[in-house]
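So the structure is just underneath, and the comments pick up after that.
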There are 2 protein chains.
Amino acid sequence: MNVGEVAALAGVTVRTLHHYDRIGLLSPSGRTAAGYRRYSAADLDRLHQVLLYRELGFPLEEVATLLDDPSADPAEHLRRQHRLLRDRLERTRAMVAAVEKEMEARQMGISLTPQERFEVFGEHDPERYEAEVQERWGDTDAYRESSRRAAAYSKEDWVRIKGEGEDLTRRMAEALRAGVAPDSAQGMDLAEEARQQICRWFYDCPPQVHAALGRMYVEDERFTATYEKAAPGLAQWVSTAVQANAARQG
Amino acid sequence: MNVGEVAALAGVTVRTLHHYDRIGLLSPSGRTAAGYRRYSAADLDRLHQVLLYRELGFPLEEVATLLDDPSADPAEHLRRQHRLLRDRLERTRAMVAAVEKEMEARQMGISLTPQERFEVFGEHDPERYEAEVQERWGDTDAYRESSRRAAAYSKEDWVRIKGEGEDLTRRMAEALRAGVAPDSAQGMDLAEEARQQICRWFYDCPPQVHAALGRMYVEDERFTATYEKAAPGLAQWVSTAVQANAARQG
DNA sequence: TGCACAGCCTGACGCTGCGTCAGGGTCAAG
DNA sequence: CTTGACCCTGACGCAGCGTCAGGCTGTGCA
(Lines give C-alpha, C1' and ligand atoms only; values in the text may rest on other atoms or scores of the structure.)
Protein backbone atom coordinates (compact mmCIF):
# COMPACT_ATOMS: atom_id res chain seq x y z
CA MET A 1 0.00 0.00 0.00
CA ASN A 2 1.05 3.60 -0.64
CA VAL A 3 1.32 6.21 2.09
CA GLY A 4 -1.92 7.90 1.16
CA GLU A 5 -3.90 4.69 1.39
CA VAL A 6 -2.36 3.74 4.70
CA ALA A 7 -2.99 7.22 6.05
CA ALA A 8 -6.65 7.09 5.03
CA LEU A 9 -7.06 3.64 6.53
CA ALA A 10 -5.46 4.48 9.84
CA GLY A 11 -6.91 7.95 10.16
CA VAL A 12 -3.61 9.81 10.28
CA THR A 13 -1.96 12.23 7.87
CA VAL A 14 0.71 11.41 5.34
CA ARG A 15 2.97 13.79 7.18
CA THR A 16 2.66 11.66 10.29
CA LEU A 17 3.80 8.58 8.42
CA HIS A 18 6.72 10.54 6.98
CA HIS A 19 7.59 11.58 10.50
CA TYR A 20 7.45 8.04 11.85
CA ASP A 21 9.68 6.95 9.02
CA ARG A 22 12.22 9.68 9.68
CA ILE A 23 12.52 8.94 13.36
CA GLY A 24 12.73 5.24 12.68
CA LEU A 25 9.55 4.38 14.52
CA LEU A 26 7.88 2.88 11.49
CA SER A 27 9.80 2.53 8.26
CA PRO A 28 7.93 0.92 5.39
CA SER A 29 9.42 -2.41 4.49
CA GLY A 30 9.93 -1.43 0.87
CA ARG A 31 10.19 1.30 -1.72
CA THR A 32 9.33 1.37 -5.39
CA ALA A 33 11.96 2.20 -7.97
CA ALA A 34 10.75 5.80 -7.89
CA GLY A 35 11.19 5.99 -4.15
CA TYR A 36 7.52 5.62 -3.18
CA ARG A 37 6.98 4.10 0.25
CA ARG A 38 5.32 0.67 0.20
CA TYR A 39 3.70 -0.63 3.36
CA SER A 40 3.24 -4.34 4.01
CA ALA A 41 0.67 -6.01 6.25
CA ALA A 42 3.30 -6.31 8.96
CA ASP A 43 3.87 -2.57 8.73
CA LEU A 44 0.16 -1.98 9.26
CA ASP A 45 0.32 -4.22 12.28
CA ARG A 46 3.08 -2.17 13.74
CA LEU A 47 1.31 1.08 12.93
CA HIS A 48 -1.68 -0.18 14.81
CA GLN A 49 0.42 -0.82 17.89
CA VAL A 50 2.06 2.57 17.56
CA LEU A 51 -1.25 4.37 17.42
CA LEU A 52 -2.59 2.52 20.42
CA TYR A 53 0.41 3.34 22.54
CA ARG A 54 0.40 6.92 21.30
CA GLU A 55 -3.23 7.27 22.25
CA LEU A 56 -2.31 6.00 25.69
CA GLY A 57 0.10 8.89 26.08
CA PHE A 58 3.43 7.24 25.49
CA PRO A 59 6.10 9.40 23.88
CA LEU A 60 7.04 8.04 20.48
CA GLU A 61 10.56 7.16 21.50
CA GLU A 62 9.27 4.98 24.27
CA VAL A 63 6.83 3.35 21.89
CA ALA A 64 9.78 2.43 19.74
CA THR A 65 11.68 0.78 22.58
CA LEU A 66 8.54 -1.07 23.68
CA LEU A 67 7.86 -2.42 20.23
CA ASP A 68 11.48 -3.25 19.53
CA ASP A 69 11.97 -5.11 22.78
CA PRO A 70 12.70 -8.64 21.62
CA SER A 71 11.63 -10.11 24.96
CA ALA A 72 8.09 -8.78 24.61
CA ASP A 73 5.69 -10.86 22.58
CA PRO A 74 2.45 -9.51 21.07
CA ALA A 75 0.32 -10.92 23.86
CA GLU A 76 2.22 -8.85 26.38
CA HIS A 77 1.45 -5.67 24.47
CA LEU A 78 -2.18 -6.59 24.39
CA ARG A 79 -2.27 -7.19 28.12
CA ARG A 80 -0.55 -3.91 28.83
CA GLN A 81 -2.82 -1.97 26.50
CA HIS A 82 -5.82 -3.61 28.03
CA ARG A 83 -4.76 -2.66 31.53
CA LEU A 84 -4.03 0.94 30.61
CA LEU A 85 -7.28 1.30 28.74
CA ARG A 86 -9.24 0.04 31.70
CA ASP A 87 -7.43 2.54 33.88
CA ARG A 88 -8.44 5.29 31.54
CA LEU A 89 -12.00 4.06 31.53
CA GLU A 90 -12.03 4.31 35.30
CA ARG A 91 -10.60 7.79 35.25
CA THR A 92 -13.06 9.02 32.65
CA ARG A 93 -15.90 7.54 34.62
CA ALA A 94 -14.69 9.42 37.67
CA MET A 95 -14.55 12.66 35.73
CA VAL A 96 -18.05 12.19 34.39
CA ALA A 97 -19.24 11.56 37.92
CA ALA A 98 -17.45 14.67 39.13
CA VAL A 99 -19.10 16.85 36.50
CA GLU A 100 -22.47 15.39 37.36
CA LYS A 101 -21.86 16.10 41.01
CA GLU A 102 -20.98 19.66 40.17
CA MET A 103 -24.18 20.06 38.16
CA GLU A 104 -26.24 18.64 40.94
CA ALA A 105 -24.49 20.89 43.42
CA ARG A 106 -25.24 23.93 41.29
CA GLN A 107 -28.88 23.09 41.04
CA MET A 108 -29.11 22.78 44.77
CA GLY A 109 -27.15 25.92 45.41
CA ILE A 110 -24.28 24.11 47.07
CA SER A 111 -20.76 24.98 46.12
CA LEU A 112 -18.00 22.43 46.23
CA THR A 113 -14.60 23.04 47.72
CA PRO A 114 -11.64 23.47 45.39
CA GLN A 115 -10.06 20.31 46.82
CA GLU A 116 -13.08 18.31 45.75
CA ARG A 117 -13.08 19.75 42.29
CA PHE A 118 -9.45 19.04 41.66
CA GLU A 119 -9.21 15.66 43.25
CA VAL A 120 -10.42 13.88 40.18
CA PHE A 121 -7.40 14.85 38.16
CA GLY A 122 -5.15 15.93 40.95
CA GLU A 123 -1.81 14.17 40.99
CA HIS A 124 -2.50 12.56 37.70
CA ASP A 125 -0.44 14.49 35.24
CA PRO A 126 -3.04 13.50 32.67
CA GLU A 127 -1.82 10.94 30.20
CA ARG A 128 1.81 10.99 31.10
CA TYR A 129 1.27 9.21 34.35
CA GLU A 130 0.13 6.03 32.72
CA ALA A 131 3.40 5.81 30.88
CA GLU A 132 5.40 6.72 33.95
CA VAL A 133 3.83 4.05 36.08
CA GLN A 134 4.94 1.66 33.42
CA GLU A 135 8.47 2.97 33.62
CA ARG A 136 8.60 2.79 37.39
CA TRP A 137 7.21 -0.68 37.48
CA GLY A 138 9.59 -1.66 34.79
CA ASP A 139 12.37 -1.07 37.27
CA THR A 140 11.13 -3.31 40.04
CA ASP A 141 12.31 -6.88 40.16
CA ALA A 142 8.83 -8.22 40.77
CA TYR A 143 7.47 -6.71 37.62
CA ARG A 144 10.39 -7.81 35.57
CA GLU A 145 9.96 -11.30 36.91
CA SER A 146 6.27 -11.53 36.11
CA SER A 147 6.86 -9.85 32.82
CA ARG A 148 9.52 -12.33 31.93
CA ARG A 149 7.28 -15.18 32.92
CA ALA A 150 4.59 -13.72 30.71
CA ALA A 151 6.97 -13.38 27.82
CA ALA A 152 8.00 -16.99 28.36
CA TYR A 153 4.46 -18.07 27.55
CA SER A 154 4.86 -18.03 23.85
CA LYS A 155 7.96 -20.12 24.01
CA GLU A 156 7.00 -23.29 25.84
CA ASP A 157 3.80 -22.85 27.81
CA TRP A 158 2.02 -21.61 24.75
CA VAL A 159 1.48 -25.19 23.69
CA ARG A 160 -0.08 -25.94 27.04
CA ILE A 161 -2.36 -22.90 26.84
CA LYS A 162 -3.57 -23.90 23.42
CA GLY A 163 -3.99 -27.44 24.63
CA GLU A 164 -6.12 -26.39 27.58
CA GLY A 165 -8.28 -24.30 25.31
CA GLU A 166 -8.78 -27.09 22.83
CA ASP A 167 -9.49 -29.56 25.59
CA LEU A 168 -12.22 -27.32 26.94
CA THR A 169 -13.71 -26.81 23.49
CA ARG A 170 -13.79 -30.56 23.04
CA ARG A 171 -15.57 -31.10 26.34
CA MET A 172 -18.09 -28.44 25.42
CA ALA A 173 -18.73 -30.14 22.09
CA GLU A 174 -19.27 -33.43 23.91
CA ALA A 175 -21.74 -31.79 26.25
CA LEU A 176 -23.61 -30.34 23.30
CA ARG A 177 -23.79 -33.70 21.58
CA ALA A 178 -24.90 -35.34 24.82
CA GLY A 179 -27.85 -32.96 24.86
CA VAL A 180 -26.70 -30.88 27.86
CA ALA A 181 -28.56 -27.55 27.93
CA PRO A 182 -26.21 -24.54 27.76
CA ASP A 183 -28.00 -22.83 30.65
CA SER A 184 -27.94 -25.91 32.83
CA ALA A 185 -25.59 -26.06 35.79
CA GLN A 186 -23.19 -28.22 33.82
CA GLY A 187 -23.21 -25.86 30.85
CA MET A 188 -22.59 -22.85 33.03
CA ASP A 189 -19.78 -24.65 34.82
CA LEU A 190 -18.05 -25.18 31.50
CA ALA A 191 -18.51 -21.50 30.65
CA GLU A 192 -17.09 -20.55 34.01
CA GLU A 193 -14.09 -22.74 33.33
CA ALA A 194 -13.53 -20.86 30.09
CA ARG A 195 -13.69 -17.56 31.94
CA GLN A 196 -11.17 -18.74 34.51
CA GLN A 197 -8.86 -19.77 31.73
CA ILE A 198 -8.90 -16.26 30.34
CA CYS A 199 -8.26 -14.83 33.80
CA ARG A 200 -5.33 -17.13 34.36
CA TRP A 201 -3.57 -16.69 31.08
CA PHE A 202 -4.58 -13.31 29.76
CA TYR A 203 -6.31 -10.69 31.80
CA ASP A 204 -8.83 -10.17 34.52
CA CYS A 205 -12.12 -11.00 32.85
CA PRO A 206 -15.19 -10.34 35.00
CA PRO A 207 -18.43 -12.12 34.03
CA GLN A 208 -19.82 -9.04 32.29
CA VAL A 209 -16.84 -8.77 29.99
CA HIS A 210 -17.07 -12.46 29.34
CA ALA A 211 -20.72 -12.07 28.37
CA ALA A 212 -19.71 -9.50 25.76
CA LEU A 213 -17.18 -11.94 24.37
CA GLY A 214 -19.89 -14.58 24.28
CA ARG A 215 -22.03 -12.40 22.09
CA MET A 216 -19.13 -12.03 19.70
CA TYR A 217 -18.96 -15.80 19.23
CA VAL A 218 -22.20 -15.73 17.28
CA GLU A 219 -21.82 -12.29 15.72
CA ASP A 220 -18.41 -12.69 14.18
CA GLU A 221 -18.44 -15.44 11.64
CA ARG A 222 -14.80 -16.30 12.05
CA PHE A 223 -15.25 -17.10 15.71
CA THR A 224 -18.45 -18.89 14.83
CA ALA A 225 -16.64 -20.94 12.22
CA THR A 226 -13.96 -22.03 14.69
CA TYR A 227 -16.56 -23.39 17.08
CA GLU A 228 -18.74 -24.85 14.38
CA LYS A 229 -15.78 -26.84 13.19
CA ALA A 230 -15.65 -28.57 16.57
CA ALA A 231 -19.36 -29.30 16.52
CA PRO A 232 -22.31 -27.85 14.63
CA GLY A 233 -24.31 -25.49 16.82
CA LEU A 234 -21.47 -25.09 19.30
CA ALA A 235 -21.05 -21.34 18.78
CA GLN A 236 -24.60 -20.65 19.83
CA TRP A 237 -24.34 -23.15 22.65
CA VAL A 238 -21.21 -21.58 24.09
CA SER A 239 -22.62 -18.09 23.71
CA THR A 240 -25.75 -19.02 25.62
CA ALA A 241 -23.77 -20.82 28.30
CA VAL A 242 -21.50 -17.85 28.83
CA GLN A 243 -24.41 -15.44 29.12
CA ALA A 244 -26.23 -17.72 31.54
CA ASN A 245 -23.10 -18.07 33.64
CA ALA A 246 -22.64 -14.30 33.73
CA ALA A 247 -26.25 -13.82 34.78
CA ARG A 248 -25.83 -16.45 37.49
CA GLN A 249 -22.86 -14.60 38.93
CA GLY A 250 -24.11 -11.07 38.41
CA MET B 1 -2.89 31.31 47.61
CA ASN B 2 0.61 31.29 46.16
CA VAL B 3 1.56 29.60 42.91
CA GLY B 4 3.18 26.65 44.61
CA GLU B 5 0.10 25.91 46.66
CA VAL B 6 -2.21 26.20 43.70
CA ALA B 7 0.07 24.01 41.64
CA ALA B 8 0.11 21.31 44.29
CA LEU B 9 -3.63 21.48 44.69
CA ALA B 10 -4.40 21.26 41.01
CA GLY B 11 -1.71 18.76 40.14
CA VAL B 12 0.14 20.97 37.68
CA THR B 13 3.61 22.55 37.76
CA VAL B 14 4.40 26.12 38.70
CA ARG B 15 5.75 26.58 35.22
CA THR B 16 2.35 25.75 33.80
CA LEU B 17 0.73 28.46 35.87
CA HIS B 18 3.39 30.92 34.73
CA HIS B 19 2.63 29.93 31.19
CA TYR B 20 -1.09 30.40 31.59
CA ASP B 21 -0.43 33.79 33.07
CA ARG B 22 1.82 34.82 30.24
CA ILE B 23 -0.60 33.85 27.50
CA GLY B 24 -3.45 35.50 29.35
CA LEU B 25 -5.40 32.33 29.89
CA LEU B 26 -5.36 32.57 33.65
CA SER B 27 -3.88 35.62 35.30
CA PRO B 28 -4.03 35.66 39.08
CA SER B 29 -6.32 38.37 40.32
CA GLY B 30 -3.64 39.93 42.49
CA ARG B 31 0.03 40.32 43.30
CA THR B 32 1.84 41.00 46.54
CA ALA B 33 4.11 44.02 46.91
CA ALA B 34 7.03 41.77 46.06
CA GLY B 35 5.39 40.61 42.86
CA TYR B 36 4.22 37.21 44.09
CA ARG B 37 1.16 35.88 42.28
CA ARG B 38 -1.91 35.57 44.49
CA TYR B 39 -4.76 33.34 43.38
CA SER B 40 -8.32 33.87 44.55
CA ALA B 41 -11.13 31.31 44.78
CA ALA B 42 -12.48 32.59 41.45
CA ASP B 43 -9.06 31.97 39.91
CA LEU B 44 -9.17 28.39 41.14
CA ASP B 45 -12.57 28.05 39.58
CA ARG B 46 -11.26 29.17 36.27
CA LEU B 47 -8.22 26.94 36.53
CA HIS B 48 -10.53 24.02 37.07
CA GLN B 49 -12.40 24.81 33.87
CA VAL B 50 -9.15 25.26 32.01
CA LEU B 51 -7.84 21.88 33.08
CA LEU B 52 -11.06 20.14 32.17
CA TYR B 53 -11.11 21.61 28.69
CA ARG B 54 -7.43 20.93 28.28
CA GLU B 55 -7.93 17.31 29.22
CA LEU B 56 -10.64 17.14 26.60
CA GLY B 57 -8.10 18.12 23.98
CA PHE B 58 -8.94 21.76 23.38
CA PRO B 59 -6.00 23.98 22.44
CA LEU B 60 -5.39 26.58 25.12
CA GLU B 61 -6.33 29.48 22.90
CA GLU B 62 -9.73 27.98 22.26
CA VAL B 63 -10.17 27.36 25.95
CA ALA B 64 -9.63 31.05 26.49
CA THR B 65 -12.28 32.08 23.98
CA LEU B 66 -14.71 29.56 25.41
CA LEU B 67 -14.23 30.78 28.95
CA ASP B 68 -14.26 34.43 27.99
CA ASP B 69 -17.42 34.16 25.93
CA PRO B 70 -19.84 36.37 27.84
CA SER B 71 -22.88 34.60 26.40
CA ALA B 72 -21.85 31.28 27.94
CA ASP B 73 -22.85 30.71 31.54
CA PRO B 74 -21.24 28.09 33.80
CA ALA B 75 -24.06 25.62 33.27
CA GLU B 76 -23.35 25.57 29.57
CA HIS B 77 -19.74 24.65 30.17
CA LEU B 78 -20.82 21.85 32.42
CA ARG B 79 -23.19 20.49 29.83
CA ARG B 80 -20.56 20.63 27.15
CA GLN B 81 -17.95 18.98 29.31
CA HIS B 82 -20.42 16.34 30.28
CA ARG B 83 -21.24 15.55 26.69
CA LEU B 84 -17.62 15.37 25.62
CA LEU B 85 -16.68 13.20 28.56
CA ARG B 86 -19.43 10.76 27.76
CA ASP B 87 -18.19 10.63 24.18
CA ARG B 88 -14.76 9.79 25.42
CA LEU B 89 -16.16 7.14 27.70
CA GLU B 90 -17.84 5.53 24.71
CA ARG B 91 -14.69 5.67 22.67
CA THR B 92 -12.58 4.16 25.41
CA ARG B 93 -15.10 1.42 25.92
CA ALA B 94 -14.90 0.65 22.21
CA MET B 95 -11.14 0.49 22.35
CA VAL B 96 -11.20 -1.84 25.33
CA ALA B 97 -13.62 -4.06 23.46
CA ALA B 98 -11.39 -3.99 20.40
CA VAL B 99 -8.34 -5.08 22.39
CA GLU B 100 -10.36 -7.85 23.97
CA LYS B 101 -11.51 -9.00 20.58
CA GLU B 102 -7.94 -9.05 19.38
CA MET B 103 -6.88 -11.14 22.37
CA GLU B 104 -9.65 -13.57 21.82
CA ALA B 105 -8.80 -13.77 18.15
CA ARG B 106 -5.19 -14.53 18.96
CA GLN B 107 -6.09 -17.30 21.31
CA MET B 108 -8.25 -18.89 18.68
CA GLY B 109 -5.69 -18.46 15.95
CA ILE B 110 -7.82 -16.04 13.96
CA SER B 111 -6.30 -12.91 12.55
CA LEU B 112 -8.31 -9.74 12.14
CA THR B 113 -8.21 -7.57 9.04
CA PRO B 114 -6.42 -4.23 9.19
CA GLN B 115 -9.72 -2.45 8.55
CA GLU B 116 -11.19 -3.99 11.64
CA ARG B 117 -8.24 -3.10 13.76
CA PHE B 118 -8.17 0.51 12.71
CA GLU B 119 -11.86 1.16 12.71
CA VAL B 120 -11.97 1.87 16.39
CA PHE B 121 -9.85 4.96 16.06
CA GLY B 122 -10.02 5.44 12.36
CA GLU B 123 -11.25 8.85 11.30
CA HIS B 124 -11.09 10.06 14.79
CA ASP B 125 -7.94 12.15 14.95
CA PRO B 126 -7.80 11.26 18.63
CA GLU B 127 -8.59 14.13 20.92
CA ARG B 128 -8.62 16.89 18.40
CA TYR B 129 -11.81 15.75 16.84
CA GLU B 130 -13.86 16.45 19.91
CA ALA B 131 -12.84 20.05 19.76
CA GLU B 132 -13.39 20.27 16.04
CA VAL B 133 -16.90 18.95 16.22
CA GLN B 134 -17.52 21.75 18.66
CA GLU B 135 -16.18 24.26 16.20
CA ARG B 136 -18.20 22.92 13.31
CA TRP B 137 -21.37 22.82 15.29
CA GLY B 138 -20.64 26.24 16.56
CA ASP B 139 -21.11 27.46 13.04
CA THR B 140 -24.55 26.06 12.42
CA ASP B 141 -27.54 28.19 13.14
CA ALA B 142 -29.36 25.44 14.94
CA TYR B 143 -26.60 25.01 17.45
CA ARG B 144 -26.21 28.69 18.00
CA GLU B 145 -29.94 28.95 18.57
CA SER B 146 -30.10 26.17 21.11
CA SER B 147 -26.92 27.37 22.69
CA ARG B 148 -28.29 30.86 23.07
CA ARG B 149 -31.49 29.51 24.54
CA ALA B 150 -29.42 27.52 26.99
CA ALA B 151 -27.42 30.56 27.90
CA ALA B 152 -30.61 32.45 28.52
CA TYR B 153 -31.41 30.11 31.38
CA SER B 154 -29.45 31.83 34.02
CA LYS B 155 -31.00 35.14 33.19
CA GLU B 156 -34.72 34.65 33.63
CA ASP B 157 -35.68 30.98 33.50
CA TRP B 158 -33.21 30.21 36.19
CA VAL B 159 -35.73 31.32 38.74
CA ARG B 160 -38.26 28.95 37.25
CA ILE B 161 -35.82 26.05 37.28
CA LYS B 162 -35.05 26.64 40.91
CA GLY B 163 -38.73 27.00 41.62
CA GLU B 164 -39.56 23.69 39.97
CA GLY B 165 -36.84 21.99 41.95
CA GLU B 166 -38.00 23.39 45.22
CA ASP B 167 -41.58 22.56 44.44
CA LEU B 168 -40.66 18.95 43.82
CA THR B 169 -38.63 18.79 47.01
CA ARG B 170 -41.60 20.13 48.93
CA ARG B 171 -43.92 17.52 47.45
CA MET B 172 -41.46 14.83 48.33
CA ALA B 173 -41.26 16.09 51.89
CA GLU B 174 -45.05 16.00 52.09
CA ALA B 175 -45.12 12.44 50.82
CA LEU B 176 -42.57 11.45 53.42
CA ARG B 177 -44.59 13.06 56.21
CA ALA B 178 -47.76 11.41 54.92
CA GLY B 179 -46.04 8.06 55.34
CA VAL B 180 -45.69 7.24 51.66
CA ALA B 181 -43.08 4.52 51.16
CA PRO B 182 -40.18 5.63 48.95
CA ASP B 183 -40.38 2.44 46.90
CA SER B 184 -44.11 2.67 46.41
CA ALA B 185 -45.50 3.65 43.02
CA GLN B 186 -46.10 7.19 44.25
CA GLY B 187 -42.56 7.50 45.59
CA MET B 188 -41.05 6.22 42.41
CA ASP B 189 -43.19 8.57 40.36
CA LEU B 190 -41.78 11.49 42.28
CA ALA B 191 -38.26 10.19 41.69
CA GLU B 192 -39.01 9.85 38.02
CA GLU B 193 -40.21 13.42 37.96
CA ALA B 194 -36.89 14.50 39.42
CA ARG B 195 -35.04 12.59 36.75
CA GLN B 196 -37.09 14.18 34.00
CA GLN B 197 -36.34 17.56 35.43
CA ILE B 198 -32.62 16.90 35.11
CA CYS B 199 -33.11 15.67 31.56
CA ARG B 200 -35.05 18.74 30.62
CA TRP B 201 -32.82 21.37 32.10
CA PHE B 202 -29.40 19.89 32.27
CA TYR B 203 -28.37 16.75 30.48
CA ASP B 204 -29.57 13.37 29.40
CA CYS B 205 -29.75 11.42 32.64
CA PRO B 206 -30.57 7.74 32.24
CA PRO B 207 -31.92 5.89 35.29
CA GLN B 208 -28.57 4.33 36.07
CA VAL B 209 -26.88 7.68 36.28
CA HIS B 210 -29.71 8.96 38.38
CA ALA B 211 -29.24 6.03 40.75
CA ALA B 212 -25.63 7.05 41.25
CA LEU B 213 -26.74 10.58 42.07
CA GLY B 214 -29.23 9.11 44.54
CA ARG B 215 -26.46 7.38 46.40
CA MET B 216 -24.64 10.67 46.67
CA TYR B 217 -27.59 12.23 48.47
CA VAL B 218 -26.87 10.12 51.53
CA GLU B 219 -23.10 9.92 51.16
CA ASP B 220 -22.33 13.61 50.85
CA GLU B 221 -23.36 15.45 53.95
CA ARG B 222 -24.02 18.72 52.22
CA PHE B 223 -26.57 17.22 49.91
CA THR B 224 -27.96 15.34 52.87
CA ALA B 225 -28.23 18.56 54.85
CA THR B 226 -30.14 20.32 52.07
CA TYR B 227 -32.74 17.60 52.02
CA GLU B 228 -32.84 17.20 55.76
CA LYS B 229 -33.64 20.87 56.04
CA ALA B 230 -36.82 20.30 54.06
CA ALA B 231 -37.81 17.33 56.20
CA PRO B 232 -35.88 15.00 58.51
CA GLY B 233 -35.20 11.68 56.83
CA LEU B 234 -35.82 13.08 53.35
CA ALA B 235 -32.33 12.43 52.06
CA GLN B 236 -32.62 8.71 52.71
CA TRP B 237 -36.18 8.71 51.41
CA VAL B 238 -35.25 10.36 48.14
CA SER B 239 -32.22 8.14 47.71
CA THR B 240 -34.32 5.02 48.15
CA ALA B 241 -37.01 6.31 45.82
CA VAL B 242 -34.50 7.09 43.11
CA GLN B 243 -32.90 3.67 43.33
CA ALA B 244 -36.28 1.95 43.28
CA ASN B 245 -37.32 3.98 40.26
CA ALA B 246 -34.10 3.10 38.46
CA ALA B 247 -34.61 -0.58 39.22
CA ARG B 248 -38.17 -0.38 37.97
CA GLN B 249 -37.00 1.05 34.67
CA GLY B 250 -33.83 -0.97 34.23
C1' DT C 1 1.23 10.83 -28.08
C1' DG C 2 0.82 14.16 -24.98
C1' DC C 3 -0.96 16.51 -21.14
C1' DA C 4 -3.48 17.39 -17.06
C1' DC C 5 -4.01 16.35 -12.51
C1' DA C 6 -3.69 13.65 -8.50
C1' DG C 7 -0.19 11.65 -5.69
C1' DC C 8 4.55 11.01 -4.08
C1' DC C 9 9.16 12.82 -2.74
C1' DT C 10 12.51 15.70 0.28
C1' DG C 11 13.81 19.74 2.83
C1' DA C 12 12.78 23.46 5.88
C1' DC C 13 10.45 26.44 8.86
C1' DG C 14 6.58 27.19 12.28
C1' DC C 15 3.71 26.24 16.16
C1' DT C 16 1.91 24.59 20.84
C1' DG C 17 2.70 23.57 25.55
C1' DC C 18 5.28 23.31 28.40
C1' DG C 19 10.49 21.43 30.81
C1' DT C 20 14.57 23.16 32.33
C1' DC C 21 18.29 26.01 33.61
C1' DA C 22 20.25 30.69 34.96
C1' DG C 23 20.50 34.61 37.76
C1' DG C 24 18.54 36.93 41.27
C1' DG C 25 14.96 38.72 45.04
C1' DT C 26 11.77 37.26 49.44
C1' DC C 27 10.31 35.51 53.81
C1' DA C 28 9.76 32.76 58.10
C1' DA C 29 12.29 30.13 61.42
C1' DG C 30 15.87 29.59 64.34
C1' DC D 1 21.26 37.66 60.45
C1' DT D 2 21.68 33.66 58.10
C1' DT D 3 19.79 29.58 55.96
C1' DG D 4 16.69 27.18 53.08
C1' DA D 5 12.44 27.03 50.89
C1' DC D 6 9.83 29.66 47.68
C1' DC D 7 9.07 33.34 44.26
C1' DC D 8 10.33 36.23 40.07
C1' DT D 9 11.64 36.94 34.99
C1' DG D 10 13.99 35.77 30.81
C1' DA D 11 15.69 32.46 27.53
C1' DC D 12 16.50 28.24 25.25
C1' DG D 13 15.03 23.43 24.13
C1' DC D 14 12.06 19.74 22.69
C1' DA D 15 8.22 16.60 20.82
C1' DG D 16 5.03 15.96 17.28
C1' DC D 17 3.56 17.13 13.91
C1' DG D 18 1.21 21.25 10.23
C1' DT D 19 2.25 23.60 6.33
C1' DC D 20 4.41 25.44 2.45
C1' DA D 21 7.86 25.05 -1.52
C1' DG D 22 9.89 22.94 -5.43
C1' DG D 23 10.10 19.03 -8.08
C1' DC D 24 9.34 14.02 -9.83
C1' DT D 25 5.72 10.08 -10.99
C1' DG D 26 1.80 7.67 -12.86
C1' DT D 27 -2.44 7.36 -15.31
C1' DG D 28 -6.70 8.33 -17.72
C1' DC D 29 -8.42 10.59 -21.63
C1' DA D 30 -8.40 13.32 -25.75
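A note on names: the letters A, B, ... follow the listed sequences, proteins ahead of strands, and every chain is numbered from 1.
Scored by the side-chain hydrogen bond (donor to acceptor under 3.5 Å, both in side chains) test, B:R38 finds B:N2 as partners (sequence neighbours excluded). In this structure B:T32 satisfies the side-chain hydrogen bond (donor to acceptor under 3.5 Å, both in side chains) test with no other residue, sequence neighbours excluded. The side-chain hydrogen bond (donor to acceptor under 3.5 Å, both in side chains) check on A:R46 picks up A:D68, with sequence neighbours excluded. For B:Y20, there are no ring pair (Phe, Tyr, Trp, His ring centres under 6.0 Å) partners at least two apart in sequence or on another chain.
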Applying side-chain contact (heavy atoms from CB on, under 4.5 Å) to A:L17 and A:Y39, what does each step give before you reach the verdict? CA-CA 11 Å; A:L17 294 176; A:Y39 291 83; 3.7 Å; yes
Test side-chain hydrogen bond (donor to acceptor under 3.5 Å, both in side chains) on A:T92 and B:T92 and set out the steps. CA-CA 9 Å; A:T92 308; B:T92 309; 4.6 Å; no
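Classification of A:D21 and A:R31 as a salt-bridged pair holds, one side-chain N sitting under 4.0 Å from a carboxylate O.
Near DNA chain D, defined here as any heavy-atom distance below 4.0 Å, the residues from residues 14-23 of chain B are B:R15, B:H18, listed numerically. Less than 4.0 Å separates DNA chain D from at least one heavy atom of each of the following residues of residues 27-35 of chain B: B:R31, B:G35.
The separation between B:L47 atom CG and C:dC18 atom P is 11 Å, rounded to whole Å. Across the protein-nucleic acid pair, A:E61 atom CD and D:dC17 atom P stand 14 Å apart, rounded to whole Å. Counting to the nearest Å, the P atom of D:dC14 and the CD atom of A:E62 are 18 Å from each other. B:R38 places its CZ atom 10 Å from the P atom of D:dC7, with the value rounded to the nearest Å. Between B:M1 atom CE and D:dC7 atom C1' the separation is 15 Å, expressed in whole Å.
When the nearest nucleotides of DNA chain D are assigned to A:Y36 and A:T13 by heavy-atom distance, the more 5′-ward of the two goes with A:T13.
Distances shorter than 4.0 Å separate some side-chain N or O of B:R54 from OP1 or OP2 on C:dC18. Contact annotation: B:R37 side-chain N/O to D:dC7 OP1/OP2 distance is not under 4.0 Å.
Counting only distance, with no hydrogens or angles, the side chain of A:T65 and the backbone of A:E62 share a donor-acceptor pair below 3.5 Å.
A side chain to side chain donor-acceptor pair (under 3.5 Å) with A:Q49 is found for one member of A:Q81, A:R54, A:H77 and no other, namely A:Q81.
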